[in-house]
Every structure is written in structure tokens, then in C-alpha cells.
Q: 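Before anything else, here's the structure in question.
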Amino acid sequence: MSFAPSSASSASSPSSKPRVGLFVTCLVDMFRPTVGFSAVKLLEEAGCVVDVPMEQVCCGQPAFNSGDLESARKVARPLIAMFENHDYVVAPSGSCAGMMIKHFPELFANDLELAEPVRALAGKTWELVSFLTDVMKLDGVAAAFEGSITYHDSCSGLRELKVKEQPRKLLRSVKGLEIRELQEPETCCGFGGTFCVKYPEISGKMVGDKTTDIKNSGADMLVAGDMGCLLNMAGKLRREGSDMEVRHVAEVLADMTMAAPGIAGSEKG
Amino acid sequence: MEQSTSPKFKQNAHHALHDASLQRALGRLKTGFKDKRLAAIADMPEFEQLRDTARDIKNHTLANLDHYLTAFEANVIANGGHVHWCADAEEARQTVLKICQDKKAKSVLKGKSMISEEIGLNAFLEKQDLKVVETDLGEYIIQLRNEPPSHIIAPAIHVHKEQVADSFRQTHKGRDINRPLDEPRDLLDEAREVMREHFFAADVGITGANFLIAETGTSVIVTNEGNGDLTQTLSKVHIAIASLEKVVPTLEDASSILRVLARSATGQEMSSYTTFSTGPKRDGDLDGPEDYHVILLDNGRSNMLGTEFQEMLRCIRCAACMNHCPVYGAVGGHAYGWVYPGPMGSVLTPSLIGVDEAGHLPNASTFCGKCEEVCPMRIPLPKMMRHWREREFEKHLGPQSMRFGIRLWAWFASRPALYGKATGLAARILKSIGGRKQKIGKLPLASGWTDIRDLPAPQGKTFKQLWAEQQAAKKA
Ligand code: SF4
């Protein structure tokens, strides 16, 4: 299939609104549904029609990065047909979106039948925040948060998809919110998927350096765009006795910080 | 070949993380090289373009490697030098030995060379009763400490100046034992003095090569201490040892790559000394060696050609990847267990000593991608580490539990209904374990996670459960 934003949206949905397939991601699905609902809210407010295919599970990245291509294909393959009729596919994760955009074409490179549909899927898949700013041309959001946040740039979003300014731009529009940058916002937090359990000591050192940087920022809340990194950093902060609030960027932008306590508890205000 | 401790990577890393002195040294790495590189490239708007040029030059060379190597050889011979093609480490060592023996050499001076580390040259020559002296200060320090390098351009980066002073006091006999050696300057001066004596007594000088230039038959080295110059011009015989992929077609090509090399490595525009050696001393030359030899080492590289690892042969050993690697920054170079540490080592080492031996290295990465971002030669390091993981998986290397876990997970993950039930159940149970604090401190089978950090508890229901409920309510 070919994809042209303007015609495709009118062809596949009754209104002229773009039809977005939400790829929830397995970590959001199991650990933090609030992020999924925040994504839906943001997308709808930006003028999209949101659909959640219920057969979706995971992008296959854990297997892909473990060198098990067969399992990766098995898990990834159903997504190709599942999102065939959506104008866009959006995921609240740079890592999972990066997998679909950058690595699916590689994973299915030798599959003649799938090569083209996979390219089409990769071409219409976006990380949530950059989709809002770069495709839906959002300049700001109608949210409020009284306090300061610090933002960790998750590696895949940052380096594979160049997500850097987009979240900051929208966060700056949140009423009452102040951004306090980390010393090293772009340094890996040590999550790395299976890395963090295969090499726990090294991962521990990396996330320890990260939480030191986070605490030194003096911010009230830690925000990032990927559940994996967030679980890692929140878990380390708690282990160190810090009760700093930790949230996915979608929750802050969707004004859902009152809807549920932060990751690993420690609700404030 | 140098013995590896790569299979013990985890233990090595454990020791490194608990070595306070090493951790202090690694702390310095965090700034230093990184900041200097940033400043250097900020001053050069065409840097990104130059990276493309450098990459293209090497790609072209690798695609025509046989041609450029034979051209290089012909030009070395035309200049009166000798070229020795060595398939492996043993052949290279024996060739060096033979040259030394033919000259009845007693002492060997060394410029910094990673290839020499790769083939374990020092230990071998010393066993043959040759006196070997490293002339690069960093290499000299680790030679005194009887250690391998921990970094490819700063071999003694793990050593503090107090430790250097101790080594000097122990080794440099006949000097005032209470002389001041507190400042780097003191150490440098003393090393210089000691080194001078060696320079004038040396029979054979061995250097590495940053480039071999095909059109002229020239070997090129860059240094910041000028020791390489002296090593190769003052010795009677100069042996340059280099691996195959060091060749570039022209002088122009070498200078293009030199422009990205120093900036990426130390943040300098150029290294202090760039030395070109073309053949032995000619009639009328004031100095230079009587004989000039080049050892062309394969040692596994030709096997990388035509594979998914070919791009690794573009590497110019600038060390930017390790300077910026958070894993290297946590454990240092020795943990990797062989000659080449950091991301470049994690790709290259399995190629050279086997993935069975070095399997940990490509696994010990978060794929954060910083190395690829800074690599001047645009080598896709994470992708190649992943290719090693694929080979390991095919060969059934790596822990069985991991393999089983991935397969089990994939089995569930390709059965959405079952997977939905399982995660729904898990979310509920974990939430109740997490309790009011919404975090879990200890969990059976998850110690890899909970030894280090708490596990944030899930919210209780999965998104898909809640979404389905919400959609049903809307319809009702
Ligand atoms: S892989 Fe790239 S960054 Fe690393 S040493 Fe080689 S050229 Fe430099």
C-alpha cells in the first residue's frame, strides 16, 4: 500500500480526521495504563480518531536484541496487518516506535512479501510526542502542573528518532511548569532491556549515576518518554529512599497528573 | 596471542566497580576527552561532511583491498624497504624475531602499537632475551606495572600520578630516593631523561601505523610525544607493524582522515607529531634507519570482509566510542579482558578471538547508540553487536536460561488472548505485592532487577482490560 497523508486520511475514515492506531507497548499495557489513556486523550484533543487494535502485544524488541530473530519476527509480524488501515501508528515510546521504524525493515528485509508493507508501516509510525508536534503541528497543550520537572532523554527516541526539542516544547507550554535540565540528560540510564538484568551491577552503576544527576537537579518530578527507563529510574530512586515523583511525559502533557499517583507511588500535592 | 579474560567479563566488571582508585580515574574520563572533542568539532562546520568523506574513503579501500595492498607493497619495495605478509600472530612474532636476530639486536624500542599488544610481542621478545622498552609514556608506565593497556590511546588512563611516581622510584635506580615526583612535569622530565639513554642505544625500533599509503609506500604514525619519530629514526632498523585495513589509497586520503582522527580522539586539530616513513635512509640522508620493514598482519581481518562485520574495518582507533561509552565509563578497559575495550572492542574482539571466548562483550551494551553517534567513521557499532548476539543465539552460546526465557516469552507474546490473561493476572498480583507503597523490594526470579532497584508496582489492570471495559460501557 502507498501512503499519502491527506488522501489516506479521508479515504480510510469518514471524517477528515486522521485515523491513528495506538500501539500501547507491552510495558505501558501491563505497568501503567494511565500512559495509554493519556496518549488517547492527547491524540483526540489534537484532532485524531484513535483506535486500539486489541490483538496487539509487543514489537518484538526483547527477542530482536537478544539475537533471536525468529522469535522477533513471530512477535512482530501480526502488527503489520493489524495497522494496515490506519493513517498513522503512534506509540508512547521512542524505543518501540524506533523498533518499528528503524528495525522492522531490517528484520523483514529478506521477506519479499512483507518488505513493502513493512516499509509502509515504518513510514507512518511515530513516537507520540514528536507525532503531536511534527505531524499534528501542536504548539502547546492545555495542562497545568505547579512545580519543576527534569527530563531524561531516552536513548532510542533521542538517537534513532531525534526526539529532543519536541517534548521540551510541549512541556514549556504546561502552566506553572518549570524545566530544570540534568547535567547529562542524554546519558543512558542503564536500562537497556534485558541488559539491566543480565548485567545488574553495571546497570546499577549507570542508573546510580543517573539518579545522582536527577536528585542534583532539584526538580520536583522526573519525566521521560519511555516506560522502561522510567521503571528503572523510579525503582532506583525508591531504593535510595527518594520519594521524588516520576511520570511519563504523556501524563503531564495530558493533564493527568491528578488521575493517578506517580510511578512507584509517592503522590505529591 | 595475548591471553584473554573476556569470558570472566562479569567478574572483571565486579572488581572494577569495587576498585575505588579505578573509579576515581574513570571519573576524570567523564569530562576531559568528551569536552575537548565537542569544542574541536564546534570549530569545524564541515565536520559531518568530513565524516562522510572518511567513511567513503575506507569503504572504497576495503572494496579494493587486494589492489591497494599490492600497490603499497610494490612501492615499499621500490623505496628499498621490505614487506612481510603475516597471516597470524605467531607468524608476525617470528618475523619480527628473525629481523632482530639477523641484525644481532639486543634491544628493541617500541612506539605505541595496538597490534603489538594484539600479538603479545613484548612478552615474546623478552623471552628471547631481547630488552624491550616502550617509549610512549603511557605504554612505558604500564610496562613498568606489568599491565595491559586499558584504553587504546591513553593506555595508562587507569593509573594515578602517585602510582606512577612509585613505579619510577622502584625502577629508576641510582637517583635520589626522595626526589620530588609530585607533579606531572616531574614525571615527564624523569621519563624523558631515562628514555634518552635508551634511544641512543637501540638496535631496532618498532612502531605501529595509523595509515599505510598505497601510492607512496609510506607508513604514518601520529603521536603527541614525538617518541615515534625518535623510535624510527634513531634505530638501525625500523619495523612498522600494521593490520591490513590500515591502508588508504593516497596521501590526500590519509590527510582527510587525519582531520577527523585527532578531533575525535583528543579534541586536537592535529596530533602534535605526524610522522611519515618512506623506506630506509637514502644516500645523502642525514638520519633514518638502515632497514625498513613493514609487517602486514591479517590475524582474522580478511575473514571479516564480505560479512556483516566488514564495516568494523573502517575503524581508525580514535577511541571516541569508548570515551563516550557509559559501560566503559563504569568498568574501564581491563574488564573487557583483551586488547581492545569499549564498543569497538565489543565488535572487533569476537572477530579476532572468537565469539565463544568474547561473547559477553557484545552483550554488555544497552544499545544506547552514543558510540555510533560519535564514531568519526560512522561505524554502526550497536548493529554489529546485535549481529554478534544473533551468531551466539544460532550457536547456542550464552546462558540457557536466557534462551529459554526469550522463547517462552515469544510463545506467550504471539498468543494475544493468553498473553492478555497472563499479564492481567501478573499486574494484579504485583500490585497487591507492591501494596500501599506501590513498589516491590524483592521478587523471586527477578533478583537481576531487585538486587539493584525496587520494582515499581503495576497499576492493577492492564490497559487493554480497562480499554475494553470503557468501550463496552460506551456501547451500553
Ligand atoms: S569504532 Fe569509531 S569511534 Fe571507536 S575507535 Fe574506531 S573509529 Fe574511533
Side-chain angles (χ1 to χ4, degrees), chain A residues 24 26 28-34 36-37 52 54-58 60 62-69 71-72 74-75 78 155-156 159-160 186-188 190-207 209 231-232 234-236 238-239 246 260-261 263-265, chain B residues 10 13-14 17 326-327 330-331 363-370 372-373 383 386-394 398 402-403 406-407 409-410 413-414 416 419-420 423 426-427 434 436-439 441 446-449 451-459 461-468:
Chain A
V24 184
C26 52
V28 166
D29 180 50
M30 179 165 149
F31 279 88
R32 199 137 179 98
T34 301
F37 287 106
V52 183
M54 292 302 275
E55 298 283 287
Q56 60 173 292
V57 176
C58 170
F64 184 63
N65 284 346
S66 302
D68 183 0
L69 298 186
S71 296
K74 189 158 93 180
V75 175
C155 299
S156 310
R159 298 197 181 87
E160 290 186 338
E186 297 187 1
T187 298
C188 179
F191 172 63
T194 54
F195 170 86
C196 71
V197 287
K198 278 196 288 187
Y199 300 96
E201 283 196 298
I202 303 175
S203 173
K205 162 79 174 138
M206 290 163 71
V207 69
D209 287 353
L231 291 173
N232 183 39
K236 184 67 175 173
R238 294 298 172 270
R239 180 62 54 93
V246 180
I263 296 166
Chain B
K10 269 193 175 182
H14 173 83
L17 287 163
V327 174
V331 300
N363 278 286
S365 163
T366 62
F367 288 164
C368 80
K370 187 70 190 178
E372 182 175 356
E373 181 187 305
K383 183 166 119 188
R386 208 179 49 241
H387 286 320
W388 276 123
R389 298 183 190 184
E390 288 159 17
R391 298 257 179 124
E392 289 185 83
F393 200 86
E394 279 163 25
M402 204 69 200
R403 187 182 187 85
I406 287 287
R407 286 273 148 117
W409 167 85
S414 45
Y419 180 90
T423 46
R436 202 179 42 80
K437 292 199 162 142
Q438 299 171 48
K439 59 176 186 158
S447 62
W449 183 280
D451 282 353
I452 301 299
R453 32 182 132 48
D454 291 341
L455 179 67
Q459 287 177 300
K461 283 188 176 175
T462 67
F463 176 80
K464 286 202 283 182
Q465 284 174 331
L466 292 165
W467 183 255

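Since the structure is predicted, the reported quantities are computational estimates derived from the model, not experimental observations. In what follows, chains carry the letters A, B, and so on, assigned in the order in which the sequence lines appear, proteins first and then strands, with residues in each chain numbered from 1.
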Q: If only atom types and distance count, is the side chain of A:Asp68 paired as donor or acceptor with the main-chain N or O of B:Arg407 below 3.5 Å?
A: no
Q: What residues form a side chain to side chain donor-acceptor pair (under 3.5 Å) with A:Lys205, not counting sequence neighbours?
A: A:Asp209
Q: Treating B:Gln459 as the side-chain partner and A:Thr34 as the backbone partner, does any N or O pair qualify as donor plus acceptor under 3.5 Å?
A: yes
Q: At a heavy-atom separation under 4.5 Å, does A:Ser156 approach chain B through its side chain, its backbone, both, or neither?
A: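 Looking at A:Ser156, nothing touches chain B.
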Q: Quick check on the interface: out of A:Ala234, A:Gly60, A:Pro62, who has the most heavy-atom pairs with chain B under 4.5 Å?
A: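 Among A:Ala234, A:Gly60, A:Pro62, the one with the most close pairs to chain B is A:Pro62.
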Q: Give, as side chain, backbone, both or neither, the part of A:Pro78 having an atom under 4.5 angstrom from any heavy atom of chain B.
A: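 No part of A:Pro78 comes within 4.5 Å of chain B.
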Q: By a 4.5 Å heavy-atom criterion (distance strictly below it), what part of B:Ser447 contacts chain A: side chain, backbone, both, or neither?
A: neither
Q: So what's closer than 4.5 Å to chain A heavy atoms on B:Lys461: side chain, backbone, both or neither?
A: backbone
Q: For the residue pair B:Gly448 and A:Val197, what are the closest heavy atoms and their distance?
A: C-CG1, 3.8 Å
Q: Judged by atom type as modelled, is there a donor-acceptor pair below 3.5 Å linking the side chain of B:Arg453 to the main-chain atoms of A:Arg239?
A: no
Q: Taking B:Lys464 for the side chain and A:Met54 for the main chain, is one N or O donor matched with an acceptor at less than 3.5 Å?
A: yes
Q: What is the minimum heavy-atom distance between B:Asn363 and A:Phe195, and which atoms define it?
A: O-CD1, 4.0 Å
Q: Tell me, for A:Met30 versus chain B, whether the close heavy atoms (under 4.5 Å) come from the side chain, the backbone, both or neither.
A: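 Both the backbone and the side chain of A:Met30 come within 4.5 Å of chain B.
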Q: Could you have a look at B:Ser414, B:Ala13, B:Gly398 and say which one has the most heavy-atom pairs with chain A under 4.5 angstrom?
A: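 Sorted descending by pairs with chain A, the first entry is B:Ser414.
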Q: Under a 4.5 Å heavy-atom cut-off, does chain A meet the side chain of B:Ala468, its backbone, both or neither?
A: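 Contact with chain A: backbone and side chain both.
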Q: With sequence neighbours left out, what residues match B:Glu372 under side chain to side chain donor-acceptor pair (under 3.5 Å)?
A: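 With sequence neighbours excluded, B:Glu372 shows a side chain to side chain donor-acceptor pair (under 3.5 Å) to no residue whatsoever.
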Q: Where does the angle between the aromatic ring planes of A:Phe37 and B:Phe463 fall among parallel (under 30°), tilted (30 to 60°) and perpendicular (over 60°)?
A: tilted
Q: Heavy atoms only: give me the nearest A:Ile202-B:Ala330 pair and the separation to one decimal.
A: CG2-CB, 4.2 Å
Q: Side chain, backbone, both or neither: which part of B:Leu466 has a non-hydrogen atom closer than 4.5 Å to chain A?
A: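 Both backbone and side chain of B:Leu466 come within 4.5 Å of chain A.
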Q: Would you mind checking which part of A:Leu69 comes under 4.5 Å of any heavy atom in chain B, side chain (CB onward), backbone (N, CA, C, O), both or neither?
A: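 Answer is side chain: those atoms of A:Leu69 sit under 4.5 Å from chain B.
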Q: Chain B heavy atoms under 4.5 Å from A:Val52: which part of the residue, side chain, backbone, both or neither?
A: both
Q: Hey, what do you get for CZ (B:Phe367) to CZ (A:Phe191), rounding to the nearest 0.5 Å?
A: 13.5 Å
Q: Check each atom of A:Arg159 against the heavy atoms of chain B and say whether the ones under 4.5 Å are side chain, backbone, both or neither.
A: side chain
Q: Give me the atom names and distance for the closest heavy-atom approach of A:Cys58 to B:Trp409.
A: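 Where A:Cys58 meets B:Trp409 most closely, the heavy atoms are SG-CZ2, 3.4 Å.
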